[in-house]
Amino acid sequence: MVAPPTREGPRVNEEIRIPLVRLIGSNGEMIGIMPTREALHRAMQEGLDLVEISPGADPPVCKILDFGKFKYEQQKKKSEARKKQKIVEIKEIKVRPNIDDHDYDVKLRQMKNFIAEGDKVKVTLRFRGREMAHLDLGMKVLERVKAELEPVAKVEQMPRMENRQMVMVLTPR
């Protein structure tokens with residue numbers, strides 16, 4: 001025998017198989033604890049549905065309301081929440097250990113813009129050839145970035161070596 005498909009969302013009307021429920025009326029007033037049959041009968045009299053709002057409570061809380069309208073409002077809330085959420089991206093800025101002051105200022109301005117938008121910034125400092133002998137120069141550049149972005153960003157990942165590059169991740173405060 002095939003099991004009936006499970007439905008998402010709260011139980012409605014005849015799906016509520018608990019002997020006692022705490023009932024809330026259609027205009028929000030607390031009616032009290034009563035048998036499920038009586039609560040269902042009251043909902044039918046008003047031409048509305050009996051919806052289980054809080055199944056974990058003892059006894060479960062049910063409310064008399066229009067189930068179609070209830071589902072529509074829940075769907076609307078979900079889509080509104082989805083609109084408001086921001087996906088945090090990781091923006092990467094590449095620098096070199098012997099970067100000029102003007103180039104550094106341009107990169108710093110970019111980092112500030114990314115952080116102001118709420119994105120994380122991954123600062124990648126690439127070493128070429130003999131620059132590997134001077135890791136301290138690269139560390140100084142990253143320390144300078146960290147110090148200048150201190151008011152708006154915090155270090156999520158301290159500088160660390162990955163092959164021939166040093167990486168540091170900053171997040172907005």
Side-chain angles (χ1 to χ4, degrees), residues 1-12 15-16 18 24 28 49 51-63 65-173:
M1 188 164 153
V2 179
T6 56
R7 192 173 59 79
E8 290 223 354
R11 292 185 287 192
V12 185
E15 294 174 5
I16 303 169
I18 297 118
I24 298 174
D49 301 303
V51 180
E52 190 176 40
I53 301 296
S54 179
D58 187 37
V61 179
C62 292
K63 189 171 183 180
L65 47 81
D66 181 1
F67 186 62
K69 189 176 179 183
F70 177 73
K71 270 177 51 177
Y72 172 73
E73 285 172 358
Q74 276 190 329
Q75 191 177 14
K76 215 168 159 184
K77 281 181 192 172
K78 268 187 190 173
S79 71
E80 197 64 35
R82 206 172 16 254
K83 279 183 201 170
K84 287 182 182 174
Q85 85 182 35
K86 179 173 185 339
I87 295 135
V88 176
E89 292 183 40
I90 297 181
K91 305 286 189 172
E92 185 174 16
I93 297 286
K94 294 181 180 175
V95 293
R96 299 284 313 280
N98 52 356
I99 187 169
D100 284 336
D101 285 339
H102 182 265
D103 295 337
Y104 174 82
D105 293 339
V106 170
K107 299 282 187 180
L108 191 70
R109 202 167 336 124
Q110 279 183 317
M111 287 185 246
K112 284 180 181 175
N113 289 340
F114 291 147
I115 287 170
E117 290 172 15
D119 295 324
K120 292 183 180 182
V121 177
K122 177 179 177 182
V123 185
T124 305
L125 194 127
R126 179 164 286 140
F127 294 98
R128 282 204 201 126
R130 292 189 188 152
E131 290 174 350
M132 285 297 287
H134 303 286
L135 296 178
D136 55 321
L137 290 176
M139 197 59 162
K140 282 180 186 171
V141 172
L142 290 180
E143 289 296 326
R144 184 175 164 198
V145 168
K146 178 182 164 188
E148 290 191 31
L149 291 177
E150 193 71 43
V152 291
K154 62 179 182 236
V155 178
E156 182 181 278
Q157 184 180 33
M158 292 304 284
R160 70 167 205 273
M161 285 299 292
E162 291 179 2
N163 298 331
R164 290 182 131 321
Q165 54 192 24
M166 201 176 278
V167 178
M168 176 173 72
V169 179
L170 301 164
T171 56
R173 282 203 181 273

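The chain is numbered in sequence order, starting from 1.
Shown here for Met161 and Asn163, the closest heavy-atom pair between the two residues is CE-O, 3.4 Å. The shortest heavy-atom contact between Phe67 and Pro10 is CE1-CG, 4.0 Å. For the pair Glu52 and Pro60, the tightest heavy-atom approach, listed with the atom from each and the gap, is OE2-CB, 3.6 Å.
Considering only residues two or more places apart in sequence or on other chains, Arg82 meets the salt bridge (charged side-chain N to carboxylate O under 4.0 Å, His left out) condition with none of them. Leu65 meets the side-chain contact (heavy atoms from CB on, under 4.5 Å) test with Val51, Ile53, Lys63, Phe70; sequence neighbours excluded. Judged as a side-chain contact (heavy atoms from CB on, under 4.5 Å), and not counting sequence neighbours, the contacts of Glu80 are Lys83, Lys84.
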Determine all donor-acceptor pairs shorter than 3.5 Å in which one atom belongs to a side chain in residues 109-123; sequence neighbours excluded.
{"unit_1": "Asp119", "atom_1": "OD1", "unit_2": "Lys86", "atom_2": "NZ", "d": "3.1"}
{"unit_1": "Asp119", "atom_1": "OD1", "unit_2": "Glu89", "atom_2": "N", "d": "3.4"}
{"unit_1": "Lys120", "atom_1": "NZ", "unit_2": "Glu156", "atom_2": "OE1", "d": "2.9"}
{"unit_1": "Lys120", "atom_1": "NZ", "unit_2": "Glu156", "atom_2": "OE2", "d": "3.4"}

May I have the list of side-chain donor-acceptor pairs in residues 92-107 shorter than 3.5 Å, sequence neighbours left out?
{"unit_1": "Glu92", "atom_1": "OE2", "unit_2": "Thr124", "atom_2": "OG1", "d": "2.6"}
{"unit_1": "Arg96", "atom_1": "NE", "unit_2": "Arg126", "atom_2": "O", "d": "3.3"}
{"unit_1": "Arg96", "atom_1": "NH2", "unit_2": "Glu131", "atom_2": "OE1", "d": "2.8"}
{"unit_1": "Arg96", "atom_1": "NH2", "unit_2": "Glu131", "atom_2": "OE2", "d": "2.5"}
{"unit_1": "Tyr104", "atom_1": "OH", "unit_2": "Arg144", "atom_2": "O", "d": "3.4"}
{"unit_1": "Tyr104", "atom_1": "OH", "unit_2": "Val145", "atom_2": "N", "d": "3.4"}
{"unit_1": "Lys107", "atom_1": "NZ", "unit_2": "Lys94", "atom_2": "O", "d": "3.2"}

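The structure places CG of Leu142 at 5.0 Å from CG of Leu125, a figure rounded to the nearest 0.5 Å.
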> Is there a side-chain contact (heavy atoms from CB on, under 4.5 Å) between Glu150 and Arg173 once you walk through the steps?
Replying inline: CA-CA 9 Å; Glu150 193 71 43; Arg173 282 203 181 273; 2.8 Å; yes
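Counting only residues at least two apart or on different chains, no salt bridge (Lys or Arg N to Asp or Glu O under 4.0 Å) pair has a member in residues 132-143.
Within a 6.0 Å sphere centred on CD of Gln75, other residues, nucleotides and ligands contribute 12 heavy atoms or fewer.
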